[in-house]
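In what follows, a structure is listed as structure tokens, so that the remarks can point back to it.
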Amino acid sequence: MNNILLCGVGGQGTVLASKLIAFAAMEKGLQVRTAETIGMAQRGGSVVSHVRIGEEIHSPLLPKGSADVIIAFEPAEAVRCISYLKKGGTVIVNKKAVRPVTASLQGTYLDGEDMLRYLQSQAGHVDVMDGEAICEACGSSKILNIVLLAAAAKSGALGITPEELDSAIDKRISEKFRALNKKAIAMVMNQ
Amino acid sequence: MIQKFLMGNEAIALGAIHAGVNVVAGYPGTPSTEVLETVAKENDGSIYVEWSVNEKAALEVAAGAAYAGARTLVTMKQVGLNVASDPLMSLAYVGVKGGMVILSADDPGPISSQTEQDTRHFAQFAKLPVFDPSSPEEAYEMMIDAFECSEKWGTPVLFRPTTRVCHGCASVPIRETYEKHPIEGFVKDTMRWVIFPRTSFLNHEKIEKRNPQMGEEFSSYRFNTLTRVGDDDCRKGICTSGISYSYACDALECGTSESYKILKIATAHPFPEKLALEFLEGLDEVLCIEELDPVLEKELTYICGKHHLNITIHGKLDGCIQAAGENSVESVKVALKPFLNLEWDEVSYTETPELPVRPPVLCAGCPHRASFYAVKQAMKGQKAVFSGDIGCYTLGNAAPLDMVDTCLCMGADVTMAQGLHRAEPDAVNFSFIGDSTFFASGITGVVNAVYNETDIILIVLDNSTTAMTGHQPHPGTGVRMMEFAKHAGTISKPEDICNRVSIEKILQAIGLTSVETVDPLQLSEAVEAVKRASKLPGVKAIIFKSPCIAVMKQQTRYQITDTCINCKKCIRELGCPAIVLEDGKPTIEKSLCTGCSLCTQVCPCGAIVREEADHE
């Protein structure tokens, strides 16, 4: 069984990322269950996608302390979900903090540095990704989810190899965006 | 059978299609919305699909079709069933000819709802059967069973999934072929189709006789299951249903040395009493694991009393299961720990740094922000109450706008503003309603205000879509669901395909003192319109018309230049998520700005300017 938790802020593209993982796993003949946040929280609130891959899966939600990997689109959201991480688990986290309106009003939560430090002190392995730099190099702000997925695949904790991810993109992403997504994967792999 | 990776709602929709559904009607509501959307998408052209104006209309459209022998599906969320309850209660007496399934999706948590009400109670109240799936796979099969049950007994059937089944995805085995259902046609029969006190008496008797028979049949229904784990003489039992069943299965994987039985109930009403008695035999204690209300718990307690069984029933009523909110694998583990001596290793982490609160907010560039801000500016220093409603615009309550003082249910803003005004006539009473909500249940409230001459200002926030539930068309959009689905949801700015019902003309016809349509993104004009309306007597309306930014492409972007004096007025007054503090100075986040220009109209020193075109 492989348990994966994706978390971020509504609108960052977590749902598509979880669908790609599920598709890649099903291509390998594995059973998959996922659960998504749909509804009000999608308007800039905290969102979480649960993905479970294996033989016999009951609940679509991960039990606490069971995630092999947390793929976090934002540092504070990774910390918010830390209780799902299994002992010694991996965290793939995007470096850039997304500041909620309340924080801008109060002038709090200025950057994600203390969040990243916390993650490094708790998880077995942490990869901090500069997603924005790769997005900029690829010329699109819409591929952060692929960057993080590629990093998770590269870490080995995803249970899906970068090649399998690549082939899932061939089959699931429209031709218009395929080259862009593959470029992002290649950049992560060459880092 | 083929395997398909489906969201629970997609599985439900395919189940209905494979059961030969002919007519589908509904009103959007999380977590039910994708069911109707999927039927429309997968429709080969033989199924009639509509978004109705509200749930009551949807249920009545479906009931009419079912009287004529069509198989019909009605979709809504749990609070929608309250709106549809008038036809529902009567239809339960009259019955149907074609199979009719009423899907009412419950929302434990609640995650996106006003209440944690339990549709299983509605089933008991209306004396109707209810199906309660525990996974997307089961939901697919159960939908086919529900149609069969409905036609066999000539009754509408409730179908009650919860959020985690609706929005959970799984690989679901589905049929490759299915038969279409021929529609017999309406056969006149006043004794059958016209509800009268005399026929209702007879129907009531019939239903009370029927339901125990149905409960008996449900005792051998394939998804009501009784499993024994361990020794034959076990003394403990778990009774559960829906998604809680899967949590219990996961929790029990921790392992226990005790023997136990598990009863899974897929039909909470009529309750499968015979199966329950088989489960209870030899037990000392039962733990009921369910969400929302203690429905199973009360049924078992009743059966124990009825059959003089000395068994202790635990659950929500004695605090073994939390009274409100969602269950989880963890909460079920905690409940099972003392019950079955469950053991597991806890993973713990040190205390986290203080986390930013991240409530949902109006999107960057949302025209509702401009509308709320205009009213706030116009009413500065005056006593005013702002009644809000259900939709994205409920988020106007958040700081710094703070422009939603009340929110109750669909359409209530219009009528509550009138009550507030009667109690406190010296306040200016505003009512904020979205376009879809206006059609769903706002119009009668406006008529009420005009008829009773109650001074209110109606603000219609017209963004030309049903935004919160994911952009469904409605009577004001000029698009219907069938055409919308045919174009794969891409007709965002279509030529009118059907008649556009005009909100402005409706309001004029009702006879308001004034009706003005204004672009809220033109701030000073918007403020002036509100000021004008506030000086007039009677019922005044302002339609703030500007499309939802999610259906309109980004045109331009703005940036903050060096002339910024760092007064932070843009942040303090608007709360746009695209304006953040970077090194203590307001900065516009490129990827979020939609170019609405509201901040440029608020900036006191003209520091926010349009950015040159950037080719992304």
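In what follows, chains carry the letters A, B, and so on, assigned in the order in which the sequence lines appear, proteins first and then strands, with residues in each chain numbered from 1.
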What residue, out of [options], has the most heavy-atom pairs lying under 4.5 Å from chain B?
options	value
A:Arg80, A:Lys87, A:Glu36	A:Arg80
A:Pro63, A:Ala76, A:Pro60, A:Ser121	A:Pro63
A:Cys135, A:Pro100, A:Gly65	A:Pro100
A:Ile57, A:Leu61, A:Thr102, A:Val79	A:Leu61

Examine whether an atom of [X] lies under 4.5 Å from a heavy atom of chain A, and if so say whether it belongs to the side chain, the backbone or both; otherwise answer neither.
X	value
B:Thr30	side chain
B:Glu137	side chain
B:Cys166	neither
B:Ile579	backbone
B:Ile243	side chain
B:Thr350	both
B:Cys363	side chain

- B:Thr33-B:Gln472 side chain donor-acceptor pair, cut-off 3.5 Å: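 Distance-only check fails for B:Thr33 and B:Gln472.
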- Look at B:Lys333 together with B:Glu253 and state whether they make a salt bridge at an N to O cut-off of under 4.0 Å.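 No salt bridge links B:Lys333 with B:Glu253.
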- Item | Pair B:Lys590 + A:Glu136, salt bridge at N-O below 4.0 Å |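 Salt bridge flag = no for A:Glu136 with B:Lys590.
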Measure [X] against the heavy atoms of chain B and call it side chain, backbone, both or neither at under 4.5 Å.
X	result
A:Lys19	neither
A:Arg117	neither
A:Leu85	both
A:Val51	neither

Measure from the side-chain N and O atoms of [X] to the backbone N and O of [Y], and report whether any donor-acceptor pair falls under 3.5 Å.
X	Y	answer
B:Asn9	B:Pro31	yes
A:Glu74	A:Val9	no
B:Thr162	B:Asp107	no
A:Lys96	A:Glu132	no
B:Tyr393	B:Gly434	yes
B:Glu291	B:Asn327	yes
A:Arg178	A:Ile173	yes
B:Arg369	B:Leu574	yes
A:Asp68	A:Asn3	yes

Considering only heavy atoms and a distance below 4.5 Å, find which of [options] pairs most often with chain A.
options	value
B:Ala170, B:Ser134, B:Ser171, B:Gly168	B:Ser171
B:Val165, B:Asp250, B:Val347	B:Asp250
B:Glu354, B:Gln3, B:Glu34, B:Glu589	B:Glu589
B:Gly575, B:Ala550, B:Gly584	B:Gly575
B:Val357, B:Val580, B:Leu355, B:Val329	B:Leu355

